[in-house]
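Below: one structure, written as structure tokens.
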Amino acid sequence: MSLKFKVKVPGTSANIGVGYDCLGVALEYILELEIEESDKIEFLENGSLFSIPIEKNLIFEAIKYTEKHLEKNIPSYKVNIKKNEIPMARGLGSSSSAIVAGILIANKFAGNPMDINQIAKLAVEMEGHPDNVIPAIFGGMVLTAYDKENLVYSSLENSNDLYFYVMIPDFQLSTERARSVLPESYLVSDAINNMSKLGLLVDAFNKGKYENLRFLLDDKIHQPYRFRLINSCEKIFEASKKYGALGEYISGAGPTLVSLNYNNDKFLENMKKVLETLPNKWKIEKKKINFKGAEIID
Ligand code: HSE
């Protein structure tokens, strides 16, 4: 019998201030694919030809990478992108979700030789850093440590009262560009600043105690260098503070910005009004953490 299944992968928000390249969270943005065996390889978006050419298609690339890794050829397939809520090149993990989806598809066609931990390792190997792919796989907020031989991760406890106010501009920013502006070395005092705050930030999320969140999110490793790549960033952070958010950070490599707050529609309304005054078009969405992570549905 020919295989037919669905894959769902959430979008993610990486770094979370001081957690550069090591802390990330899955959010309620979903990439949903329908996959079936076919006589030729085909990518569709709601039944029509997919707009991204195959040589630039990360799902396809991840399937090929996994086939090579497993030393197994899988049958030809048709992938229909049913839902894609994750905007591209905005710092919400669109590349990671595509990589995770591709690995899951190839693993399923190959008869599931890899367990979830092997899938995670392969995804990090392909992506280069773990802070998007790991939460995309496991869901929730996850802290990771990674080098050539080791990959360690642990999920944080998160209380249900934390909301992510995700502010997405109409311009893109590639991770490559956002990484190119970072220095090659740092002051020890900056490294200590980040290390100490990251420990306490994780503690704050675990305990659901948010009173020092803004101070703990304020890093010295990547955000200060990236602010200038994101038009109106400082103005948005100031408004978020003024209207009572718990703290703010650049999502992943940007340009999306996140305010953390409780469930507060007045805050959402106020931020919407501020965003409407800016030269670029921005939208704001209130999101919760996705705890399901990546799913295969038969
Ligand atoms: N940690 C990465 C960065 C996230 O900030 O460059 C993007 O993949």
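Whatever order the structure lists them in is the order used to number ligands and atoms, beginning at 1. Counting begins at 1 with the first residue of the sequence.
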Cation-pi, Tyr243 ring and Lys266 (6.0 angstrom, 45 degrees):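 Negative - Lys266 is either too far from the ring of Tyr243 or too far off its axis.
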Criterion side chain to side chain contact (heavy atoms under 4.5 Å, CB included) on Lys8 and Lys83, from CA distance to verdict: CA-CA 9 Å; Lys8 285 188 184 183; Lys83 194 188 279 178; 6.0 Å; no
CA sep, side-chain torsions, deciding dist, call: Asn194, Tyr186, side chain to side chain donor-acceptor pair (under 3.5 Å): CA-CA 11 Å; Asn194 265 60; Tyr186 292 92; over 6 Å; no
Contact with ligand 1 for His129, non-hydrogen, under 4.0 angstrom: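 Contact check His129 vs ligand 1: positive.
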contact_flag Glu176 ligand 1 heavy-atom lt 4.0 Å: no
4.5 Å side-chain heavy-atom contact, Val18 and Tyr249: no
Atoms of ligand 1 less than 4.0 Å from [X] heavy atoms?
X: Arg226; answer: 3 (C), 5 (O), 6 (O)
X: Tyr20; answer: 3 (C), 5 (O), 6 (O)
X: Asn132; answer: 4 (C), 7 (C), 8 (O)
X: Asp131; answer: 1 (N), 2 (C), 4 (C)

Atom pair CG (Leu198) and CG (Leu216), whose distance is rounded to the nearest 0.5 Å: 9.5 Å
Part of Asp21 within contact of ligand 1 (heavy atoms, under 4.0 Å): both
Pair Tyr210, Ser159: side-chain N/O donor-acceptor within cut-off below 3.5 Å: yes
Protein heavy atom at shortest distance from atom 3 (C) of ligand 1: Arg179 NH1, 3.2 Å
